Enquirer: 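Take this structure first; my questions come after.
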Amino acid sequence: QVQLVESGGELVQAGGSLRHSCVASGYILRTETMGWFRQAPVKEREFVAGRNWNSGSIDYSDAVKGRFTIPKNNAKNTVYLQMNSLKSEDTAAYFCAASRSYLLGESMAVKSNYNYWGQGTQVTVSS
């Protein structure tokens with residue numbers, strides 16, 4: 001089993017930055033790909049960013065490309081979501097996810113490809 005624990009939610013002003021973390025524990029070696037998703041009220045959960053633990057493969061949604069990055073620290077089993085130039089439309093609950101599969105490209109954006117999920121934390125961007 002793999003457990004994913006995310007950092008706490010925050011309130012930030014539009015234009016500001018925020019770094020979200022996700023620490024993985026348990027059978028880490030069973031995971032290949034990490035992803036971030038978000039869900040706003042009355043909307044579907046959507047892909048934000050994804051990357052593999054042991055390669056340079058990274059993908060972003062069009063909504064966040066150029067503003068968000070997904071750095072990692074393998075030694076700490078931690079993946080981050082660095083969010084810059086935040087907008088009010090970035091307000092959502094953010095979820096960390098882990099997949100046992102090595103995902104590339106569009107497959108990173110498919111929720112059903114992920115086996116483990118964090119509890120989700122709220123990010124609110126005030127305008």
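Since the structure is predicted, the reported quantities are computational estimates derived from the model, not experimental observations.
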Enquirer: Determine, using the 4.5 Å side-chain heavy-atom cutoff (strictly less than), whether V64 and I58 are members of one ILVMFWY cluster.
Expert: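 Shared cluster, yes.
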Enquirer: Group every Ile, Leu, Val, Met, Phe, Trp and Tyr by side-chain heavy-atom contacts under 4.5 Å, then state whether V48 and V12 land in the same group.
Expert: yes
Enquirer: In this structure, is the centre-to-centre distance between the rings of F47 and W36 below 6.0 Å?
Expert: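 No, they do not, as the ring centres are separated by 6.0 Å or more.
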Enquirer: Please examine the side chains of H20 and E6, heavy atoms only from C-beta on, and report whether any two atoms are closer than 4.5 Å.
Expert: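 They are in side-chain contact.
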Enquirer: Check whether any side-chain heavy atom of Q122 lies under 4.5 Å from a side-chain heavy atom of T124, and answer yes or no.
Expert: yes
Enquirer: Report yes if some heavy atom in the side chain of F95 is under 4.5 Å from a heavy atom in the side chain of T121; otherwise report no.
Expert: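 A side-chain contact is absent here, since even the closest heavy-atom pair is not under 4.5 Å.
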Enquirer: Determine whether N84 and F68 make a side-chain contact, defined as any pair of heavy atoms from C-beta on separated by less than 4.5 Å.
Expert: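 Side-chain contact under 4.5 Å: no.
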Enquirer: Quick one: does T31's side chain have a donor or acceptor within less than 3.5 Å of a partner on A98's backbone?
Expert: no
Enquirer: Please lay out, stage by stage, how V79 and C96 fare under the test side chain to side chain contact (heavy atoms under 4.5 Å, CB included).
Expert: CA-CA 9 Å; V79 66; C96 173; 4.3 Å; yes
Enquirer: Identify whether NZ of Lys or CZ of Arg in R38 sits under 6.0 Å from the centre of the six-membered ring of Y94 and within 45° of that ring's axis.
Expert: no
Enquirer: Are L4 and V23 side-chain neighbours, meaning at least one heavy-atom pair lies under 4.5 Å?
Expert: no
Enquirer: At what distance, to the nearest 0.5 angstrom, does OG1 of T33 lie from OH of Y114?
Expert: 6.0 Å
Enquirer: Nearest 0.5 angstrom please: S127 OG to L86 CG, how far?
Expert: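 If we round to the nearest 0.5 Å, S127:OG and L86:CG are 12.5 Å apart.
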Enquirer: With side chains defined as the heavy atoms from C-beta onward, is the minimum distance between V2 and N115 less than 4.5 Å?
Expert: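 Counting from C-beta outward, V2 and N115 never come under 4.5 Å.
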Enquirer: Is there a continuous path of hydrophobic side-chain contacts, each under 4.5 Å between heavy atoms, that joins L11 to L18?
Expert: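 No: no chain of side-chain contacts under 4.5 Å links L11 to L18.
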Enquirer: Give a yes or no answer on whether the side chain of R67 reaches the backbone of S85 with a donor-acceptor pair at less than 3.5 Å.
Expert: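 Yes, the answer is positive, given that a donor and an acceptor are paired below the 3.5 Å cut-off.
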Enquirer: According to a hydrophobic-cluster definition based on side-chain heavy atoms being under 4.5 Å apart (Ile, Leu, Val, Met, Phe, Trp, Tyr only), do F37 and Y116 belong together?
Expert: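 Each belongs to a different hydrophobic cluster.
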Enquirer: Using side-chain heavy atoms (C-beta onward) and a distance below 4.5 Å, is N74 in contact with N54?
Expert: yes
Enquirer: Are E32 and R100 close enough, and set up right, to give a salt bridge (charged side-chain N to carboxylate O under 4.0 Å, His left out), and what steps lead you there?
Expert: CA-CA 5 Å; E32 293 286 344; R100 292 194 292 264; over 6 Å; no
Enquirer: Do M108 and Y80 sit in one hydrophobic cluster, given that two such residues count as connected whenever their side-chain heavy atoms are within less than 4.5 Å of each other, even indirectly?
Expert: no
Enquirer: Say you draw a straight line from CZ of R19 to CE of M83; how long is it, rounded to the nearest 0.5 Å?
Expert: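 That separation rounds to 11.0 Å.
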Enquirer: How long is the straight-line distance from CD of E106 back to CG of N113, given to the nearest 0.5 Å?
Expert: 11.5 Å
Enquirer: Tell me if a side-chain donor or acceptor on S99 pairs with a main-chain N or O of S101 at a distance below 3.5 Å.
Expert: yes
Enquirer: From T91 OG1 over to E89 CD, what is the distance, rounded to the nearest 0.5 angstrom?
Expert: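 Reported value, rounded in 0.5 Å steps: 8.5 Å.
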Enquirer: Could you check whether any side-chain heavy atom of M34 comes within less than 4.5 Å of a side-chain heavy atom of C22, counting everything from C-beta outward?
Expert: yes
Enquirer: What I want to find out is whether K87 reaches D90 closely enough, with some N-O distance under 4.0 Å, to be called a salt bridge.
Expert: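 Looking at K87 and D90, the cut-off is not met.
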Enquirer: Looking at R51 and D59, is any side-chain nitrogen of the basic one under 4.0 Å from a carboxylate oxygen of the acidic one?
Expert: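 Answer for the salt bridge query: no.
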Enquirer: I'd like to know whether NZ of K111 has more than 12 heavy-atom contacts from other residues, nucleotides or ligands below 6.0 angstrom.
Expert: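 Atom NZ in K111 is crowded, with more than 12 foreign heavy atoms closer than 6.0 Å.
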Enquirer: What's the separation between atom CG in L104 and atom OG in S55, rounded to the nearest 0.5 Å?
Expert: 7.0 Å
